[in-house]
There are 2 protein chains.
Amino acid sequence: MAKTLGYVPNASARTLRTSRSRVVGVLMPTLTNPVFAECLEGVAEAAHAAGYAILPMTTHYDATLETRCVTLMQGASVDGFLLVVSNPDSSQALRQLQRARKPYVLLYNRHPKHPCVSGDSETAVAEVVARLVSLGHRRLTMVSGPMSASDRAQQRYKGFLHGLKLAQMKGPCLLEVPFMESAVETVVSHLKSDKRPTALVCSNDLLALRCLRAAQLAGLRVPQDISIVGFDGITLGLDTMPMLTTIVQPNHEAGHLGVQWLVQAIEQRKLPTPSESVLLAHQFRAGESCGQAPAAYPSRDQPQAR
Amino acid sequence: MAKTLGYVPNASARTLRTSRSRVVGVLMPTLTNPVFAECLEGVAEAAHAAGYAILPMTTHYDATLETRCVTLMQGASVDGFLLVVSNPDSSQALRQLQRARKPYVLLYNRHPKHPCVSGDSETAVAEVVARLVSLGHRRLTMVSGPMSASDRAQQRYKGFLHGLKLAQMKGPCLLEVPFMESAVETVVSHLKSDKRPTALVCSNDLLALRCLRAAQLAGLRVPQDISIVGFDGITLGLDTMPMLTTIVQPNHEAGHLGVQWLVQAIEQRKLPTPSESVLLAHQFRAGESCGQAPAAYPSRDQPQAR
DNA sequence: CTGTTAGCGCTTTCAA
DNA sequence: TTGAAAGCGCTAACAG
């Protein structure tokens, strides 16, 4: 028969017969954070290139939902999973996948007992701290979302502590702000306190953007009065004023790699192993939100010449 | 037999038998624009609630890709389509769907011959223009992405023209900036020109954020020296400094409605019809980027007291 | 009303 | 090398 005729193989029949769906499930906390949206685009591209479809779901950082979604995806008989979980250690969803011996790869999470594609957040933040210190900053605050909701926040905080220690500075200051709401006010009041920091290290770019606003609301100029550094490298950070200084992670690429690894595993009928985990290189983007520490100690009590 | 036992029906077998996959294809220009990401979340939620999975793809405003993706999705035998196309009028992909008599619903697009869930961009922009005029603005520029890439841009521009006409103003000024790159510089030089506008009406929020930066680079204070209004109501606009004035569209809800309509059509085995198209109400968010027109004509040649 | 059966379109196996 | 046939798990139709 002429195959020039528009013949399209029936995916369901194939799946039924081979018990392989050529679909990978993708679980992310949210798409509202451009980091994940960008990564998902990468995933979609790579999956498509490999002849796979994707089934994406979002969990809003809710571990219960994670489990529910994974169950749902299993029902849809996906061939493998790409996940960003809240906490690999305690994740019920991951345990479920391990029990079922389903291939999966974690994105952004980093954990010795799971196959992960991630950046080295800890080192990156430590480097940023060193950079800030060399610019004369002595009072740093880390601004973070809820630690419990994300192992990345934890790692980044660890990096912060590490950086401080290397610089032989003490009194780590952590500002943990609630999720979406009122972050700005919290930061503003922190910045109005007596011994405010000269630099904010933010655990992600979305938070950093809010800090940019908070600083200005507090009457501080960025970067003259206070430096602000983000983490993630979302494209939007390029258009803020001042342009956000941040650590850029290859979001797109992370998606690509995750898919490639997972697909390869699926086709070879083996599980991705933790030992093959990939660390992606981060990159510092100078931006404009970060500068020399103000000459005077950043307080009203003792103005002081250079 | 005990159904308490973990029985999970096999989706492929069911699809094969019933020739219904319970999957809807979702086509969007990009996920990097939070508007679409938010909408996709709405779609995902509603689809899940209705027992459907989604298959999302992005086209990057490329009509050729639109067609290719739709073909791909047909191959995956999705039951229906949710699409944001560049231009419904000329869309090859839509023609293909019509020929195949596949149920589909357009999101954000607005066209009399297609089933659409959209906002009334035209009216909304005209209202904004009226608002600006009542604040004393007489020189407005519309900043838009490539008109050809999106019917929304066209409608918004139409609204702009309409608004100007109602206010009996002439000399519509349009600044069409290239896609991602260099938008900022283009705007900066526009703002440095002799008779610069006192207000920028942006065809979307992402562009408005760039204008915020451009204005400041041009040495203008927002909103004292220039007002800037966006369109879309992305969450990020709440955290800029000044907070973005914009028209908020119910992105989440648009996704919900689209899914509900589509699913209903699928289950009743009929096609969504253009006549049932839904117009969603927009909402004005005052923000902080918009104010009274500067007392003096906005130029260096004649400073002038209030 | 309950239980049995044919067949959806594909792949894989086995016979010719 | 090519071709026929079985069967994946489900649902719809039909018989008991």
Side-chain angles (χ1 to χ4, degrees), chain A residues 1-26 47-55 57 67-81 96-97 99-104 259-260 262-271, chain B residues 1-25 47-55 57 68-81 96-97 99-104 259-260 262-271:
Chain A
M1 321 288 168
K3 79 245 302 230
T4 52
L5 210 41
Y7 165 73
V8 189
N10 181 311
S12 316
R14 206 224 302 292
T15 299
L16 181 56
R17 184 62 243 249
T18 62
S19 66
R20 285 195 33 216
S21 61
R22 299 188 76 83
V23 175
V24 313
V26 184
H48 173 201
Y52 280 67
I54 63 175
L55 174 54
M57 298 192 166
T67 318
R68 202 133 40 93
C69 288
V70 165
T71 306
L72 235 99
M73 287 172 169
Q74 293 205 52
S77 67
V78 302
D79 291 339
F81 297 78
Q96 184 172 328
L97 289 179
R99 236 183 296 117
R101 315 214 80 235
K102 294 288 179 197
Y104 68 91
V259 169
Q260 281 161 14
L262 183 62
V263 164
Q264 180 189 320
I266 291 170
E267 317 218 308
Q268 300 179 1
R269 290 159 184 286
K270 47 189 183 181
L271 302 179
Chain B
M1 319 294 165
K3 81 249 300 245
T4 52
L5 209 42
Y7 166 73
V8 189
N10 180 310
S12 316
R14 185 202 280 144
T15 299
L16 181 56
R17 183 63 244 246
T18 61
S19 66
R20 286 196 32 216
S21 61
R22 299 188 76 83
V23 175
V24 312
H48 173 201
Y52 280 68
I54 63 176
L55 175 54
M57 297 193 168
R68 200 131 42 92
C69 287
V70 165
T71 307
L72 235 98
M73 288 171 167
Q74 293 203 52
S77 67
V78 302
D79 291 339
F81 298 78
Q96 184 172 330
L97 289 179
R99 234 184 297 115
R101 317 215 79 237
K102 294 288 179 199
Y104 68 91
V259 169
Q260 281 162 15
L262 183 63
V263 164
Q264 180 190 320
I266 291 170
E267 317 219 308
Q268 301 178 1
R269 291 159 183 285
K270 46 188 184 182
L271 302 180

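Residue numbers begin at 1 in each chain, while the letters A, B, ... track the order of the sequences.
For the residue pair A:Thr67 / A:Gln96, no side-chain donor-acceptor distance below 3.5 Å is found, with atom types taken as modelled.
Using a 4.5 Å cut-off on side-chain heavy atoms (C-beta onward), A:Pro103 and A:Leu262 make contact. Between B:Val23 and B:Met73 there is no side-chain heavy-atom pair separated by less than 4.5 Å. Taking the side chain as every heavy atom from C-beta outward, B:Thr15 and A:Thr15 never approach each other to under 4.5 Å.
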Could you go over nucleotides 9-12 of chain D and give all protein N or O partners under 3.5 Å, atom names and distances?
residue	atom	partner	partner atom	Å
D:dG9	N2	B:Ala13	O	3.4
D:dC10	OP1	B:Tyr7	OH	2.9
D:dC10	OP1	B:Asn10	N	2.8
D:dT11	OP1	B:Arg14	NE	2.9
D:dT11	O2	B:Arg17	NH1	2.5

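Within the 3.5 Å criterion, the main-chain N or O of A:Ala50 finds a donor-acceptor partner in the side chain of A:Arg22.
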